[in-house]
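Some notes on the structure that comes next.
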Amino acid sequence: MIKPILKFLPFLIVLALLPLMLPAGRLGAYYLTLLILTASYAVAALGLTVLLGYSGQISLAQAAFFGIGAYTFAILGVHDGVPFWLAAIAAVAVAAVFGLVLGMISLRLASHYLALVTIGFQIITQLVLANWHALTGGPDGISNIPRPSLFGFALQTDEQFYWVSLAVLALAAYVVYRLRNSRLGGALLALREDEIAAAAYGISVFRTKVMAFSIAAALGGLGGVLYASGSLYISPDVFSFYQSVSFFAMVLVGGRESIVGTILGSGLVTFLPEVLRFLQSYTVAVYGLLIVVVVLFLPNGLYGALADGVGFLRSRRTAGAAPAEQLAATIATTAPRPVATSETLLEIKDLTKRFGGVTAVNGLNLTVCKGDVAVLIGPNGSGKTTVLNVLSGIYAANGGGIVFRGGTITNASPNQVHAAGISRTFQNIRLFPELTALENVVVGYFSKGTVGLAGTLLSVPRGYREEREAVAKARETLGALGFSRFDVRAKHLPYGQQRIVEIARAIVAGPTLLLLDEPAAGMNHEETAALSSILYRIHELGLTMLLIEHDMSFVASVATRAYVMDFGQKISEGSVQSVLADPAVIKAYLGDDVEYA
Ligand code: ADP
Ligand code: MG
């Protein structure tokens with residue numbers, strides 16, 4: 001609770017002292033107005049931090065939500081005499097609902113179409129504001145917009161209102177910060193990084209995106225309230241497409257994921273044209289050029305550049321890679337031989353999957369019992385990965401059924417399959433590359449699902465407890481697999497360690513069945529040895545596994561039951577020894593470069 005506040009404190013103090021540092025007189029008043037403007041823009045831009053930075057969705061309609069908030073507030077406050085705070089809350093709610101509806105309509109579209117739809121919405125909103133005279137006053141706008149009072153104290157002067165703006169900005173920054181570490185934040189980042197993997201970890205992609213859209217719109221509306229009250233007057237020309245592009249620029253210039261960066265970016269984009277005013281008609285050109293230069297040369301924005309600079313000055317701690325043998329040594333290698341039961345856990349019946357003319361899986365029958373380490377073997381292209389993809393809900397089957405723990409999960413969605421207790425890894429490792437190893441595993445833990453958005457934002461202690469629990473559990477799981485480079489971004493880890501992080505992400509929430517697609521592929525000898533100890537260990541923890549493997553020697557040491565596929569069909573099943581001796585299997589592998597046990 002204290003830590004995040006401490007993190008922001010120096011920054012907030014600087015913001016609070018800014019007006020005191022400005023020269024007195026007219027210049028001071030002028031800059032104070034600009035600072036109030038900056039605060040209102042920054043609140044709206046923080047909405048884009050959530051949408052663009054966290055969830056990776058593009059919107060060029062932030063000025064529309066800014067306008068919807070400003071107008072709702074002004075209409076309620078001026079025409080209907082609704083009290084300030086009530087009008088403000090209503091304005092934020094109306095903007096959020098508009099965001100929700102627009103999101104539900106447009107978020108199933110690919111990102112370039114989404115961008116177009118948001119531009120359309122932006123233009124329509126501005127046209128409505130300009131032409132609905134009875135409600136909005138048309139091009140003349142609305143004046144005499146009220147400023148607040150709090151506990152009987154009128155907060156009317158610019159200086160007083162600057163403090164109000166600052167408090168609102170701090171609140172918005174806090175909410176966006178809280179979001180980053182919450183279950184919803186993890187889900188947003190995960191789907192920005194990899195939608196398929198996110199869905200496989202129980203994240204409802206569409207719902208999560210719609211929520212991001214609505215939160216962004218709500219913050220846009222809140223910024224609009226500040227703008228209207230700060231300027232005392234609004235007219236439609238402010239809420240233009242150009243302003244939406246400016247919001248976009250604020251986030252990109254500052255650093256799309258960074259809260260402090262977004263606030264800095266808002267300041268820059270607001271102040272720069274004023275500072276450049278002496279250039280007269282060249283102002284816009286020079287301003288545009290500067291923005292382009294920042295975006296081109298500082299890919300992580302101003303804040304990213306600052307943070308890199310600070311990081312560079314500090315002596316860099318380089319955590320050495322844990323050598324594979326060390327990894328193996330940290331794990332119990334004396335695990336007992338796994339014991340399978342006869343209780344059916346998963347039953348695949350007559351499963352068929354076709355891709356156009358190719359029948360990738362053809363009438364497959366396969367049973368996994370509780371406690372099994374079942375292994376699916378077969379030459380390349382025999383349909384093994386397809387079985388896993390249908391099983392985990394990524395592809396729909398063309399025929400047959402899947403029963404798990406007595407319930408049918410045929411053609412369930414990936415998050416339903418995950419909720420049923422099946423977790424998986426991918427043949428081509430699908431970690432969330434920009435997230436750290438720990439964050440990847442935390443997303444896996446959150447897939448268990450308890451505290452929702454309301455819990456995160458309203459019941460702060462509960463949200464914190466859940467986050468602490470997730471982090472502790474993620475560390476524990478990674479630790480149990482002999483991994484300790486928690487804070488390294490996934491994309492910077494060597495291949496073998498990425499596999500381990502992916503396995504940790506898959507098991508951290510305690511699934512019943514773990515699906516592994518060629519976990520040893522691309523690993524060297526030591527890493528493979530470490531991996532088999534890890535699989536023993538996971539099995540000891542009570543997990544049933546279905547794993548696909550190519551490397552027969554690796555399989556022989558861990559499997560309790562083997563299935564062999566060729567051309568989409570099962571050609572043999574039994575113990576590893578018996579299937580390897582099966583003439584049909586030998587025939588299928590003849591000429592293939594696979595080694596025998
Ligand atoms: P394996 O994992 O055993 O190597 P796969 O399940 O990946 O085999 O592939 C089985 C067959 O299905 C191959 O012929 C492959 O080309 C085809 N296939 C797999 N996925 C797709 C897809 N998404 N679209 C079209 N064909 C696919
Ligand atoms: Mg495969």
Side-chain angles (χ1 to χ4, degrees), residues 110 194-200 205 346 348-366 368 373-402 410-414 417 422-431 495-496 498-499 502-503 506 513-523 528 531 535 545-555 558-559 561-573 576 579-580 582 584-596:
D194 188 332
E195 279 189 20
I196 290 181
V205 173
L346 174 78
I348 296 177
K349 283 183 281 195
D350 283 328
L351 190 73
T352 298
K353 174 66 193 170
R354 282 185 289 271
F355 295 106
V358 180
T359 304
V361 180
N362 191 359
L364 182 79
N365 288 292
L366 186 157
V368 178
V373 179
V375 51
L376 198 54
I377 319 170
N380 255 330
S382 57
K384 307 179 299 290
T385 296
T386 305
V387 172
L388 236 61
N389 282 340
V390 173
L391 189 53
S392 57
I394 290 176
Y395 298 141
N398 296 106
I402 303 165
T410 320
N411 298 341
S413 69
V417 173
I422 300 180
S423 193
R424 68 168 294 178
T425 65
F426 294 87
Q427 183 166 354
N428 318 305
I429 306 187
R430 299 189 85 122
L431 287 172
Y495 194 79
Q498 291 193 12
R499 279 271 176 225
E502 202 191 25
I503 291 173
L513 175 66
L514 177 63
L515 311 174
L516 299 161
D517 196 349
E518 300 204 20
M523 284 189 163
T528 308
L531 181 70
L535 295 187
M545 281 179 260
L546 171 59
L547 77 115
I548 292 179
E549 203 34 84
H550 212 96
D551 179 346
M552 299 277 195
S553 56
F554 174 67
V555 165
V558 288
R561 185 193 291 258
Y563 295 90
V564 187
M565 280 180 82
D566 198 20
F567 296 110
Q569 285 176 315
K570 183 171 70 186
I571 57 167
S572 182
E573 74 173 282
V576 178
V579 300
L580 290 184
D582 188 334
V585 176
I586 294 169
K587 185 159 169 278
Y589 270 105
L590 264 185
D592 212 277
D593 58 353
V594 171
E595 15 167 331
Y596 291 84

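Whatever order the structure lists ligands and atoms in, that order sets their numbers, starting from 1. Everything quoted here is computed from the prediction, not taken from an experiment.
Inter-residue side-chain proximity for L513 and L515 is flagged as met; some heavy-atom pair is nearer than 4.5 Å. The closest side-chain heavy-atom distance from I402 to L346 is below 4.5 Å. Contact check for E573 versus V564: no side-chain heavy atoms found under the 4.5 Å cut-off.
Judged purely by distance below 3.5 Å, without hydrogens or angles, the side chains of D566 and S382 never pair a donor atom with an acceptor atom.
Contact atoms of ligand 1 toward N380: 4 (O) (distance under 4.0 Å to a heavy atom of the residue).
The closest protein non-hydrogen atom to atom 23 (N) of ligand 1 is Y395 OH, 2.8 Å. Of the protein's non-hydrogen atoms, the one nearest atom 9 (O) of ligand 1 is T386 OG1, 3.7 Å. From the protein, the heavy atom lying nearest to atom 17 (C) of ligand 1 is F355 CD1, 3.9 Å. When hydrogens are left out, the protein atom nearest atom 14 (O) of ligand 1 is V358 CG1, 3.9 Å; that is the closest non-hydrogen contact. Given atom 7 (O) of ligand 1, the protein heavy atom at minimum distance is T385 CB, 3.6 Å. What sits closest to atom 4 (O) of ligand 1 on the protein, heavy atoms only, is G381 N, 2.8 Å. Protein heavy atom in closest approach to atom 12 (O) of ligand 1: A360 CB, 3.2 Å.
Annotation: cation-pi pair R424/F426 present, NZ/CZ under 6.0 Å from the ring centroid and within 45° of its normal.
The Mg ion (ligand 2) has an N, O or S atom of T385 closer than 2.8 Å. Among the atoms of Q427, an N, O or S atom falls under 2.8 Å from the Mg ion (ligand 2).
Heavy atoms of G383 come nearer than 4.0 angstrom to ligand 1 in at least one pair.
Put simply, the side chain of K384 never gets that close to the backbone of E518: no donor and acceptor are under 3.5 Å apart. Using modelled atom types, one side-chain atom of R499 and one backbone atom of P519 make a donor-acceptor pair closer than 3.5 Å.
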### Task
Step by step, work out the side chain to side chain donor-acceptor pair (under 3.5 Å) result for T352 and N398.
CA-CA 5 Å; T352 298; N398 296 106; over 6 Å; no

